[in-house]
Number of protein chains: 2
Amino acid sequence: MYYIGLDIGGMSTKGALFNKSGEILQRSVFETIPTQDSSEFVKQLKDLCLALLGAQGVAVDRLSGVGMAIPGSIDSKKGIVTYANNINFVNVPMVKEFKKYINVPVKIGNDANIAVLGEMYYGSAKEYKDIVFVTLGTGIGTGIITDGKLVLGKAGAGGEGGHSIIKINGTPCTCGRRGCWEAYGSATALIRQTNEAIKKNPNSILAEIAKKEGEVSGKTAFDAERAGDSVGKKVVKKYIRYVCEGLVNLVNIFRPEIVLIGGGISNEGDALMRRMQTFVNRYSYGGKNKTKVLVKKAELKNDAGIFGCLALFLGK
Amino acid sequence: MYYIGLDIGGMSTKGALFNKSGEILQRSVFETIPTQDSSEFVKQLKDLCLALLGAQGVAVDRLSGVGMAIPGSIDSKKGIVTYANNINFVNVPMVKEFKKYINVPVKIGNDANIAVLGEMYYGSAKEYKDIVFVTLGTGIGTGIITDGKLVLGKAGAGGEGGHSIIKINGTPCTCGRRGCWEAYGSATALIRQTNEAIKKNPNSILAEIAKKEGEVSGKTAFDAERAGDSVGKKVVKKYIRYVCEGLVNLVNIFRPEIVLIGGGISNEGDALMRRMQTFVNRYSYGGKNKTKVLVKKAELKNDAGIFGCLALFLGK
């Protein structure tokens with residue numbers, strides 16, 4: 001019994017072949033071409049699967065399932081990608097299309113939802129059943145598990161926690177609203193905030209670091225803070241506040257046992273986690289008797305998606 | 001087979017005796033004394049139950065269960081009221097205490113959670129399994145059902161959607177944060193906003209109506225709007241915006257099939273529901289292909305709690 005997990009992204013698509021013990025036997029990756037036709041894309045996915053099997057000499061009929069993590073609104077029950085703008089899919093019957101090539105059980109889901117499954121079964125949240133998983137990357141993704149089950153919503157369109165506003169009339173968001181959490185707390189937002197601070201403080205250590213590196217990343221302001229720069233420190237402080245206000249919102253709504261932080265920004269590690277933990281402890285609802293919530297870095301990093309695909313089949 | 005539902009509030013506690021068909025045979029109510037000792041309060045609840053049974057000549061041994069809707073953090077599994085400041089309960093083993101008097105199955109839960117169960121089994125949301133229930137009253141209460149199950153969170157402390165901020169650094173909230181949805185979208189907030197507008201516009205129709213009625217309520221601004229007052233219109237418009245921004249936040253997180261509106265403000269009825277529906281349609285996440293969410297007034301009004309208590313036993 002073998003399984004394949006496919007983590008489809010706007011930039012690249014990763015695949016992994018697992019044995020039934022959940023060990024990765026083979027990995028492969030291809031560059032995603034966002035503009036191409038969906039049927040071409042499905043063919044590419046099929047080719048990736050065949051390549052993974054071929055590399056390990058595993059016959060197709062020994063494959064027990066293919067799972068796919070897809071960025072967008074996914075109707076898992078019907079096997080349809082309702083809307084995934086990054087890969088140009090609108091109402092594509094993914095499961096049906098893929099099975100034309102490889103007729104095995106195929107399960108699909110939203111990427112953040114699949115990732116939190118991965119963390120629950122194989123990663124940082126193994127002992128927990130109430131989990132909020134937040135990725136701080138290009139956007140803010142959220143995958144939420146309550147009492148052991150994913151929050152999917154109508155037609156799988158739920159879980160868009162990044163698109164809840166924290167500042168009415170605030171910064172415009174790609175979704176059409178103003179003031180979304182994503183517009184303040186994503187890595188993209190931090191880069192914008194860092195660039196603004198550099199413009200205002202061209203002689204700061206922050207500006208110097210950015211110049212030396214040739215570009216501003218989600219790490220630049222944290223580096224400046226570590227170098228003792230007051231400008232960098234201010235940027236980071238404000239950014240963490242933005243992230244944490246959104247975290248506390250979700251904590252009050254779900255009161256999970258654990259909040260997992262993933263995405264590029266989570267590489268700041270324990271120091272950042274401690275600051276978030278302090279904020280959540282202080283501002284979450286409940287007075288002196290409040291139910292504590294643990295804040296922790298997601299362990300599986302870029303592998304959360306492919307492990308989540310495996311969990312679609314082996315998770316109990 | 002008979003059941004009793006007790007809806008405990010900071011002002012009054014309502015009780016109802018049901019038969020197994022879910023018909024109310026008898027109602028009763030007593031004024032809640034928030035400052036009293038918890039054991040005294042449990043005795044009062046027992047007396048209320050005995051009175052309900054006595055009035056219908058039903059023997060205690062024919063009672064099959066007592067359900068309680070309680071305002072606060074409730075650990076339903078353990079039967080403990082963790083924290084309910086309105087009735088002065090901290091870590092009270094309610095189920096155990098009550099059973100000392102009447103030894104039948106007893107189930108307890110948070111009032112907003114129980115209310116949404118009532119609406120799902122007996123009210124406005126009978127065909128739905130993904131429901132967000134929002135009460136616009138003294139505060140903002142939320143009760144959320146995803147895939148047919150209540151979102152309870154760790155130790156039942158979840159579901160505090162009113163305490164998610166919509167305006168960073170905004171109006172102080174009773175919970176210790178600034179800018180909570182409750183501080184902008186509750187009836188209490190509307191009254192504050194109305195009073196501010198009256199102060200600024202002492203010659204408005206709004207001010208006149210308030211003077212005539214001797215007090216400002218959650219209805220005053222709506223009445224002024226209906227009377228053609230531009231000041232009242234502005235207050236209402238802004239208030240609806242506040243309410244709807246929070247609604248869309250929850251819609252994006254849960255993507256329910258239906259949003260139910262309860263609490264005093266919901267008495268504004270269909271006209272208000274239509275305005276909310278328009279906002280939700282327009283600003284919820286998902287581009288042109290978005291999954292529609294219905295906005296509807298909660299039907300059971302003040303009876304949602306007692307019917308929800310019945311659902312704790314008869315809900316399937």
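Computation of the quantities below employed the complete heavy-atom set of this structure, encompassing side-chain atoms and omitting hydrogens, waters and symmetry-equivalent molecules. So you know, we letter chains A, B, ... as the sequences are listed, proteins then strands, and number each from 1.
Taking each heavy atom of Cys180(B) and Cys175(B) in turn, the nearest pair found is SG-SG, 3.6 Å. Here the closest heavy-atom approach between residue Ala311(B) and residue Leu117(B) is recorded as CB-O, 4.1 Å. Scanning all heavy atoms of the two residues, the minimum distance from Gly67(A) to Phe313(A) falls at N-CE1, 3.6 Å.
For a residue to count as touching a neighbouring chain, one of its non-hydrogen atoms must lie under 4.5 Å from one of that chain's; by this rule Val90(A) touches chain B with the side chain only.
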Could you pull out every donor-acceptor pair under 3.5 Å between chain A and chain B?
from      : atom 1 : to        : atom 2 : distance (Å)
Asp147(A) : OD2    : Lys149(B) : NZ     : 3.3
Lys149(A) : NZ     : Asp147(B) : OD2    : 3.3
Lys154(A) : N      : Arg255(B) : O      : 2.7
Lys154(A) : NZ     : Lys292(B) : O      : 2.6
Gly159(A) : N      : Ile253(B) : O      : 2.6
Glu160(A) : N      : Asn252(B) : O      : 2.9
His163(A) : O      : Asn252(B) : ND2    : 2.7
Ile165(A) : N      : Asn249(B) : OD1    : 2.7
Ile165(A) : O      : Asn249(B) : ND2    : 3.3
Ile166(A) : O      : Ile168(B) : N      : 2.9
Ile168(A) : N      : Ile166(B) : O      : 2.9
Asn169(A) : OD1    : Arg241(B) : NH1    : 3.3
Asn169(A) : OD1    : Arg241(B) : NH2    : 2.9
Arg177(A) : NH1    : Asn249(B) : OD1    : 2.8
Arg177(A) : NH2    : Glu245(B) : O      : 2.9
Arg177(A) : NH2    : Glu245(B) : OE1    : 2.6
Arg177(A) : NH2    : Asn249(B) : OD1    : 3.3
Arg241(A) : NH1    : Asn169(B) : OD1    : 3.3
Arg241(A) : NH2    : Asn169(B) : OD1    : 2.9
Glu245(A) : O      : Arg177(B) : NH2    : 3.0
Glu245(A) : OE1    : Arg177(B) : NH2    : 2.6
Asn249(A) : OD1    : Ile165(B) : N      : 2.7
Asn249(A) : OD1    : Arg177(B) : NH1    : 2.8
Asn249(A) : OD1    : Arg177(B) : NH2    : 3.3
Asn249(A) : ND2    : Ile165(B) : O      : 3.3
Asn252(A) : O      : Glu160(B) : N      : 2.9
Asn252(A) : ND2    : His163(B) : O      : 2.7
Ile253(A) : O      : Gly159(B) : N      : 2.6
Arg255(A) : O      : Lys154(B) : N      : 2.7
Lys292(A) : O      : Lys154(B) : NZ     : 2.6

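Atom CG of Leu294(A) sits about 11.5 Å away from atom CD1 of Ile131(A), to the nearest 0.5 Å. Expressed to the nearest 0.5 Å, how far CD1 of Ile70(A) lies from CD1 of Ile114(A) amounts to 8.0 Å. How far CD1 of Ile261(B) is from CG of Leu136(B): 5.5 Å, rounded to the nearest 0.5 Å.
In terms of heavy-atom pairs under 4.5 Å with chain B, the best-connected choice from Ile144(A), Leu250(A), Ile165(A) is Ile165(A). Counting heavy-atom pairs closer than 4.5 Å to chain B, the top-ranked of the candidates Ile253(A), Val151(A), Val293(A), Leu150(A) is Ile253(A).
Inter-residue side-chain proximity for Val132(A) and Val251(A) is flagged as unmet; no heavy-atom pair is nearer than 4.5 Å.
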